[in-house]
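Residues take their numbers from the sequence shown, with the count starting at 1. Worth knowing before you read on, the calculation uses all heavy atoms, side chains too, and leaves out hydrogens, waters and symmetry mates.
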Amino acid sequence: MSAGSKHLIIGVFVITVLFAASIPLTGYIGSIKPPLPKGYEDDDMSLQTSKIKGFAFGAEGLVADWYWMNSLQYIGGKISKVGLDQINIDDLRGLNPRLLYPMLNNTTDLDPRFIAAYSYGATVLPAIDVEQAIALTEKGIANNPDNWRLYHYLGYIYWRKKDYERASEAYAAGSRVPDAAPFMREMSAAMRTRGGSREIARQMYLQIFEEADDQQSKSNAELRLMEIDSLDEREAINNALSSIREARGTCPVRLSEVIPMLRTVSLPRGRSFSTNDKNELVDPTGSPYRFDRENCKADLDFRSRIPRTLE
């Protein structure tokens with residue numbers, strides 16, 4: 001057996017013993033500690049990387065994976081308790097996800113080249129604490145200066161913050177990394193002139209969807225793309241409603257009356273309008289659009305999972 005293998009086995013053994021020894025102690029502490037305020041039911045992490053690093057005998061990667069898997073389950077578990085339809089994906093502070101940043105920080109302390117942890121933090125943390133998102137992503141860049149995608153995520157965070165100047169600078173810096181994608185230079189220029197536009201938002205989330213290493217980030221980007229697609233659809237539907245009202249002097253009785261007019265409308269990404277088996281216009285999730293005849297406008301159904309934050 002090689003010396004490296006012995007060190008790995010010893011490391012795994014030590015970590016296993018430490019976890020096992022912490023169980024009765026954790027139970028005792030839990031029995032005597034005072035009740036916590038509502039929203040502080042999270043268990044504090046029993047191990048800190050400052051105490052582990054250097055004593056894991058080569059098993060730091062295993063502990064990093066443990067923190068990583070827990071960070072993925074952490075937000076998902078909180079959302080499942082509340083229900084996705086009750087969540088504002090732009091502001092997750094109501095879930096009190098106070099341990100997400102420490103988990104991701106511990107993960108990347110133990111494995112500084114854990115790119116998936118950085119990208120996950122960059123897409124989720126802005127809805128919790130934008131400064132933590134920036135700190136984690138800048139840490140990733142410092143540890144992985146040759147990874148242009150981390151500059152893309154930093155640009156995304158500043159774009160979410162509506163700091164288009166710094167977003168442009170992040171994309172410009174990333175464009176200088178060897179083998180960086182051409183869109184990095186294009187995004188740097190576009191940030192200065194069209195940072196708040198719908199098309200920039202579409203490009204941003206499409207890139208994140210295609211590049212994300214974790215399902216949570218992909219799902220978030222997919223919801224955002226559906227939101228943008230819905231904005232395009234509603235704009236065309238409401239333009240058609242306005243045209244009919246102007247011609248007739250009254251709003252249509254049913255939303256389906258605009259369908260013939262929409263057949264000539266070209267939507268971005270080669271998309272087309274969709275209807276259900278009742279011939280109702282439906283949004284990208286398949287939910288029928290709500291028709292507000294009094295104001296002669298189409299809107300999202302309240303049950304739709306699409307967020308409404310880009311309007």
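Under the salt bridge (Lys or Arg N to Asp or Glu O under 4.0 Å) criterion, Glu280 pairs with no residue, sequence neighbours left out. When the salt bridge (Lys or Arg N to Asp or Glu O under 4.0 Å) test is applied to Asp65, no partner is found at least two apart in sequence or on another chain. Under the ring-ring contact (aromatic ring centres under 6.0 Å, His included) criterion, Tyr158 pairs with no residue at all, not counting sequence neighbours. In this structure, Phe273 has no ring-ring contact (aromatic ring centres under 6.0 Å, His included) partners at least two apart in sequence or on a different chain. In this view, Ser197 and Arg194, Glu199, Ile200 satisfy the side-chain contact (heavy atoms from CB on, under 4.5 Å) rule, not counting sequence neighbours. Considering only residues two or more places apart in sequence or on other chains, Glu138 meets the salt bridge (Lys or Arg N to Asp or Glu O under 4.0 Å) condition with none of them. Remark: Arg160 engages Asp90 in a salt bridge (Lys or Arg N to Asp or Glu O under 4.0 Å) (not counting sequence neighbours). With sequence neighbours excluded, no residue satisfies side-chain contact (heavy atoms from CB on, under 4.5 Å) with Asp277. Legend: residues meeting side-chain contact (heavy atoms from CB on, under 4.5 Å) with Asp129, ordered by chain and number and at least two apart, are Glu131, Gln132. With sequence neighbours excluded, the residues that form a side-chain contact (heavy atoms from CB on, under 4.5 Å) with Thr275 are Ile259, Asn279, Leu281.
The distance from the CE atom of Met187 to the CE atom of Met184 is 9.0 Å, given to the nearest 0.5 Å. The distance from atom OH of Tyr153 to atom CD1 of Ile115, rounded to the nearest 0.5 Å, is 10.0 Å.
For the pair Asp146 (side chain) and Val177 (backbone), a donor-acceptor distance under 3.5 Å is absent. Checked by atom type and distance alone, the side chain of Ser230 never pairs as donor or acceptor with a backbone atom of Met226 at under 3.5 Å. Distance alone, capped at 3.5 Å, places no donor-acceptor pair between the Ser168 side chain and the Tyr164 backbone. Of the possible donor and acceptor atoms, one in the side chain of Tyr118 sits under 3.5 Å from a partner among the backbone N and O of Pro112. Listed for the Asp111 side chain is a donor-acceptor partner under 3.5 Å among the backbone atoms of Arg113. Side chain of Ser287 to backbone of Asp283: no donor-acceptor contact under 3.5 angstrom is found. Using a distance-only test at 3.5 Å, with no hydrogens or angles considered, no donor-acceptor pair links the side chain of Ser188 to the main chain of Arg185.
In this structure, Arg166 places its CZ atom where only 12 or fewer heavy-atom neighbours from other residues, nucleotides or ligands lie under 6.0 Å away. Around NZ of Lys297, the count of heavy atoms belonging to other residues, nucleotides or ligands within 6.0 Å does not exceed 12.
Side chains of Asn220 and Thr123: no donor on one and acceptor on the other come within 3.5 Å.
Sequence neighbours left out, the pairs with a member in residues 254-272 that pass salt bridge (charged side-chain N to carboxylate O under 4.0 Å, His left out) are Asp229-Arg269, Asp229-Arg271, Glu233-Arg271, Arg248-Glu257.
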Under 3.5 Å, which donor-acceptor pairs link side chains of residues 203-212 to any protein atom two or more places apart or in another chain?
none

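Here Asp109 pairs with Lys139 in a salt bridge; the nearest charged N to carboxylate O distance falls below 4.0 Å.
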